[in-house]
Amino acid sequence: MGGGDRAVVASAGLGETELDWLPGYEDSAPVRVGNGAAHQLQLGVYGELAMALHAARQAGLGASETAAHLQIKLCAYRIPLNPCRGLDSARPPKRPPTNKEAWGPSVFRDVRVALHPRYRALADLGVAAGLRPGEAFAWSPDDLRDGWLYVDRQLQSIGARHWFKLPKRDKTRRLPVPTELEEALLAHMEEFPSVEVTLPWVDASEPTMAWEQRPQVTVRLLTTTAYGNPITSSIFRTDNWNPALEEAGLVKRLYRADGTPRDAWKGTEPFTFHALRHTYASVQLGAGETPVTMAEYMGDTVETVLETYAHFIPDVGGRGLEAMGNFMTVG
């Protein structure tokens, strides 16, 4: 360009600059140039998509489970945050199936002791009842009835927004309660009284319902934060679960170049909260419980239980082989 004192800058990381000397069209200051919008949450296109889905339903287009889940997640701002996470109908490609790892008793005890006493009951529900994290966060003392432990809901959250919904695959269930678990839960309730929490109930059949119009459900939660608030999964993992794993000597925290700690740990995959569910399955199947019964207790399909946990069944494949050999040698 003329003059030699100016240059054209082309960069994907061009920051936003305010031109305080430029009045703008019809004095519409401030005038800004650059790419500040790259760091802002842009919701316009998602709103257009939600409106298009709603218009299609109003016009008589057949109901679609995929569209219903999509609309719910759009309303909850989940789609802009992550297009795949949390959607039953839109998931990234699956990794090849691997044998799930179970914990030994000593590992469980070390992690449980390292947890703050307020959250130890969550670990008990995971390992002795096979509850998923959201199911444990939503569990209530009122769900312990007539010698059965009921799983009727899960708690989900995005940021500061929480809601209740049915468990995965909309499968409520009940399972027998080990005496030790019941005693641990009663002891927890004496030390940490339950807290009533009122949250919206999200129904997949009503994807277009405004959040403020969704029915409110009050649940007496077994476990909340120290302030009596429902637990946010990501905060629980960063502030409580992973530090407990580190204290138990199972994972290592990562640090920045300047020596300050990051909210990240190395080696957490075998030690997620969900691993407690794998441990529950391993103990039950190892004791001879059938995959059909375990599918009922865990809210899974028999196919999923066999695909995920068959390696926990003692002598899997061997007993049938031995029986056939005996059959062939009779007479």
Can you list, pair by pair, the side-chain donor-acceptor contacts under 3.5 Å of residues 245-255, counting residues two or more places apart and other chains?
residue: E246; atom: OE1; partner: W265; partner atom: NE1; Å: 3.3
residue: R253; atom: NE; partner: R262; partner atom: O; Å: 2.7
residue: R253; atom: NH2; partner: R262; partner atom: O; Å: 3.3
residue: R253; atom: NH2; partner: D263; partner atom: OD1; Å: 3.1

Heavy atoms only: give me the nearest V107-F271 pair and the separation to one decimal. CG1-CE2, 4.4 Å
Cluster link L221 to Y150, ILVMFWY, side chain under 4.5 Å: no
Under a 4.5 Å cut-off applied to non-hydrogen side-chain atoms, are T179 and E183 in contact? yes
Please list, one pair per line, the donor and acceptor atoms closer than 3.5 Å that link side chains of residues 278-290 to other protein atoms, with sequence neighbours excluded.
residue: H278; atom: ND1; partner: Y309; partner atom: OH; Å: 2.9
residue: T279; atom: OG1; partner: W103; partner atom: N; Å: 2.9
residue: T279; atom: OG1; partner: A275; partner atom: O; Å: 3.0
residue: S282; atom: OG; partner: T279; partner atom: O; Å: 2.8
residue: T290; atom: OG1; partner: T293; partner atom: N; Å: 3.1
residue: T290; atom: OG1; partner: T293; partner atom: OG1; Å: 2.9

Between V305 and V151, is there a shared hydrophobic cluster once you connect ILVMFWY residues whose side-chain heavy atoms come closer than 4.5 Å? yes
Can you tell me how far apart CZ (R169) and OG1 (T301) are? Round to the nearest 0.5 Å. 5.5 Å
Can you tell if the side chain of T238 reaches within under 4.5 Å of the side chain of N242, non-hydrogen atoms only? no
Could you tell me if the side chain of R132 sits less than 4.5 Å from the side chain of H274, heavy atoms only? yes
Decide yes or no for P200 and Q216: does some side-chain heavy atom of the first lie under 4.5 Å from some side-chain heavy atom of the second? yes
Are any non-hydrogen side-chain atoms of L185 and L222 less than 4.5 angstrom apart? yes
Under the side chain to side chain contact (heavy atoms under 4.5 Å, CB included) rule, collect the residues that match up with V195, sequence neighbours excluded. V197, T224
N/O donor-acceptor pair under 3.5 Å between T308 side chain and T304 backbone: yes
Give every residue pair that meets the ring-ring contact (aromatic ring centres under 6.0 Å, His included) criterion with at least one member in residues 166-197, sequence neighbours excluded. H188-F192
Can L181 be reached from L276 by stepping across I, L, V, M, F, W or Y side chains whose heavy atoms are under 4.5 Å apart? no
Considering residues at least two apart in sequence or located in another chain, which fulfil the side chain to side chain contact (heavy atoms under 4.5 Å, CB included) criterion with A187? none
Sub-4.5 Å side-chain heavy-atom contact between W148 and P176: yes
Could you tell me whether a side-chain N or O of S157 sits under 3.5 Å from a main-chain N or O of R161, the two making a donor and an acceptor? no
Heavy-atom check, side chain of L199 versus side chain of R214, under 4.5 Å: no
With the 4.5 Å side-chain cut-off for hydrophobic clustering, are L122 and L131 part of the same group? no
Residues that S106 engages under side-chain hydrogen bond (donor to acceptor under 3.5 Å, both in side chains), provided they are two or more places apart: none
For the CD atom of Q154 and the OG atom of S233, what is their distance to the nearest 0.5 Å? 10.5 Å
Is it true that V202 and L166 fall in one hydrophobic cluster, defined by side-chain heavy atoms closer than 4.5 Å? no
Count the heavy atoms of every other residue, nucleotide or ligand shown that sit under 6.0 Å from CD of E303, and state whether that count exceeds 12. no
So, are R153 and D143 salt-bridged, with charged N and O less than 4.0 Å apart? yes
Using every non-hydrogen atom in the two residues, find where A114 and A244 come nearest and quote the distance to one decimal. CB-O, 3.5 Å
Applying side chain to side chain contact (heavy atoms under 4.5 Å, CB included), name anything that partners A226, two or more places apart in sequence or on another chain. R118
Contact list for residues 220-249, test ring-ring contact (aromatic ring centres under 6.0 Å, His included), sequence neighbours left out: Y119-F236, F137-F236, W241-F273
Going by side-chain hydrogen bond (donor to acceptor under 3.5 Å, both in side chains), name the residues that satisfy it together with T172, two or more places apart in sequence or in a different chain. none
L115 and R120 have their tightest heavy-atom pair at O-NE, 3.1 Å
Indicate whether any N or O donor in one side chain lies under 3.5 Å from an N or O acceptor in the other, for R220 and S140. no
In terms of heavy-atom contacts, R277 and G130 come closest through NH1-O, 2.7 Å
Which residues share a side chain to side chain contact (heavy atoms under 4.5 Å, CB included) with P270, sequence neighbours left out: E101
side-chain hydrogen bond (donor to acceptor under 3.5 Å, both in side chains) partners for T232, two or more places apart: H162
The side-chain hydrogen bond (donor to acceptor under 3.5 Å, both in side chains) partners of R112 (sequence neighbours excluded) come to D124
Please name the pair of heavy atoms, one in P215 and one in M209, separated by the smallest distance, quoted to 0.1 Å. CD-SD, 4.0 Å
Given the options L144, T223, L155, W139 meets side-chain contact (heavy atoms from CB on, under 4.5 Å) only with L144
Does the side chain of K171 reach to within under 4.5 Å of the side chain of M298, using non-hydrogen atoms? no
